[in-house]
Amino acid sequence: MTATEQKQRAALAAVNEIQDGMVVGLGTGSTAAFFIRALTEKAHANGWQITGVATSKRSAELARTLGMVVKDIDEVNAIDVTVDGADEFDSYLNGIKGGGAALLYEKVVALRSKKNVWIVDESKQSERLGSFKLPVEVIEFGAQQVALTLQHMNLHPRFRMKNEREHLLTDSGHNIIDVDISHITDLTTLADKLKSITGVVEHGLFIGICDKVIIGTDPIKTLSRN
């Protein structure tokens with residue numbers, strides 16, 4: 001079974017987490033797109049009223065195109081469930097997110113959600129985090145200075161590029177610097193250090209946030225945080 005097939009299976013399984021009337025956080029990326037399509041299809045078939053809160057402009061556009069009501073996070077009282085992908089996760093359901101450059105909005109939505117579900121293929125599971133580069137979102141002004149700080153931390157920073165000359169910009173107009181954390185053992189301390197750097201807006205370490213991971217193998221595998 002291919003990774004794409006597993007993502008589709010996980011997305012379909014995640015629709016079972018949703019009920020009529022819910023406010024649902026909509027993740028970003030190819031796996032989240034499968035979920036958005038599956039959810040809107042079920043909502044239309046059953047006459048459900050679902051409100052989406054999107055973590056990116058492209059997810060909001062997809063959901064609206066498919067007929068879902070999408071609201072800004074400040075327009076809802078609470079988010080019942082957020083379903084999103086993950087770039088890597090460990091046995092504690094800590095993870096790295098931000099491969100789609102939406103980590104800031106993803107974390108804002110996740111932290112305001114009653115439940116967070118990640119949908120993945122089996123390749124995303126690791127014994128320890130670090131095989132995927134950690135995205136760090138930084139303001140454009142002084143971004144090179146932040147990169148120097150990250151270099152001094154032995155994190156081997158690299159700007160994510162739109163093309164050979166232009167830095168990729170997030171929906172908020174920020175830069176993304178990807179860093180190597182494969183040698184780091186204390187991720188909680190690292191997370192605090194990164195947030196303390198002036199110019200850093202957010203990082204892609206999601207620690208203690210995910211409640212359930214759905215892996216689209218056959219049969220479906222689910223992991224829950226104790």
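The figures here come from the full heavy-atom set of this structure, side chains too, leaving out hydrogens, waters and symmetry mates.
- Two residues are said to be in side-chain contact when any heavy atoms from C-beta on lie closer than 4.5 Å; His203 and Lys107 meet this criterion.
- Not a single donor-acceptor pair under 3.5 Å links the side chain of Asn175 to the backbone N or O of Val138.
- Between the side chain of Asn163 and the backbone N or O of Arg165, at least one donor-acceptor pair lies under 3.5 Å.
- Between the side chains of Thr28 and Tyr105, no donor-acceptor pair is found at a separation under 3.5 Å.
- His183 contributes a side-chain N or O that, together with a main-chain N or O of Asn154, makes up a donor-acceptor pair within less than 3.5 Å.
- No donor-acceptor pair under 3.5 Å is formed between the side chain of His167 and the backbone N or O of Glu140.
- For CD of Glu61, the number of neighbouring non-hydrogen atoms (other residues, nucleotides, ligands) closer than 6.0 Å is 12 at most.
- Contact record, Val15 with Ala38: CG2-CB, 3.7 Å, taken as the closest heavy-atom pair.
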Step by step, work out the side-chain hydrogen bond (donor to acceptor under 3.5 Å, both in side chains) result for Glu137 and Thr170.
CA-CA 8 Å; Glu137 188 161 341; Thr170 68; 3.0 Å; yes
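- Between the side chains of Ser91 and Glu127, no donor-acceptor pair of N or O atoms lies under 3.5 Å.
- Counting heavy atoms of neighbouring residues, nucleotides and ligands inside a 6.0 Å radius, atom CD of Glu75 exceeds 12 of them.
- A heavy-atom distance below 4.5 Å is found between the side chains of Leu223 and Leu93.
- The residues Lys221 and Glu122 are annotated as not salt-bridged, no charged nitrogen and carboxylate oxygen being separated by less than 4.0 angstrom.
- Between the Arg225 side chain and the Cys210 main chain, a donor and an acceptor come within less than 3.5 Å of each other.
- A 4.5 Å side-chain heavy-atom check between Thr222 and Val213 finds every atom pair outside the cut-off.
- Between Asp211 and Lys115 there is no salt bridge, since no side-chain nitrogen of the basic residue lies less than 4.0 Å from a carboxylate oxygen of the acidic one.
- Checked for salt-bridge contact, Arg158 and Asp178 miss the test: no charged N lies under 4.0 Å from a carboxylate O.
- For the pair Lys97 and Phe206, the distance from NZ or CZ to the six-membered ring centre is under 6.0 Å and the angle to the ring normal is within 45 degrees.
- Within the 4.5 Å cutoff, the side chain of Val108 has heavy atoms near those of the Arg112 side chain.
- Under the 4.5 Å side-chain criterion, counting only non-hydrogen atoms from C-beta, Lys193 is in contact with Thr189.
- No donor-acceptor distance shorter than 3.5 angstrom exists from the side chain of Asn94 to the backbone of Asp90, with no hydrogens or angles considered.
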Steps toward salt bridge (charged side-chain N to carboxylate O under 4.0 Å, His left out) verdict (Lys124, Asp87):
CA-CA 6 Å; Lys124 302 299 190 292; Asp87 298 303; over 6 Å; no
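- Distance check: Gln19 CD to Glu17 CD gives 9.5 Å after rounding to the nearest 0.5 Å.
- When only modelled atom types and interatomic distance are considered, Asp84 and Thr82 share no side-chain donor-acceptor pair under 3.5 Å.
- Residues Ser131 and Glu88 bring a donor and an acceptor atom of their side chains to less than 3.5 Å of each other.
- Heavy-atom contacts from other residues, nucleotides or ligands closer than 6.0 Å to CZ of Phe159 number more than 12.
- Listed for the Arg160 side chain is no donor-acceptor partner under 3.5 Å among the backbone atoms of Pro135.
- Judged by distance alone, the side chain of Thr217 and the main-chain N or O of Ile220 form no donor-acceptor pair under 3.5 Å.
- Under the 4.5 Å side-chain criterion, counting only non-hydrogen atoms from C-beta, Leu134 is in contact with Leu194.
- Judged by distance alone, the side chain of Glu5 and the main-chain N or O of Thr2 form a donor-acceptor pair under 3.5 Å.
- Considering only heavy atoms from C-beta on, Phe89 comes within 4.5 Å of Val120 through its side chain.
- A donor-acceptor distance shorter than 3.5 angstrom exists from the side chain of Thr40 to the backbone of Ile36, with no hydrogens or angles considered.
- Annotation for Glu41: atom CD does not count as buried by contact number, only 12 or fewer foreign heavy atoms lying within 6.0 Å.
- Ile96 places a side-chain heavy atom less than 4.5 Å from the side chain of Ile181.
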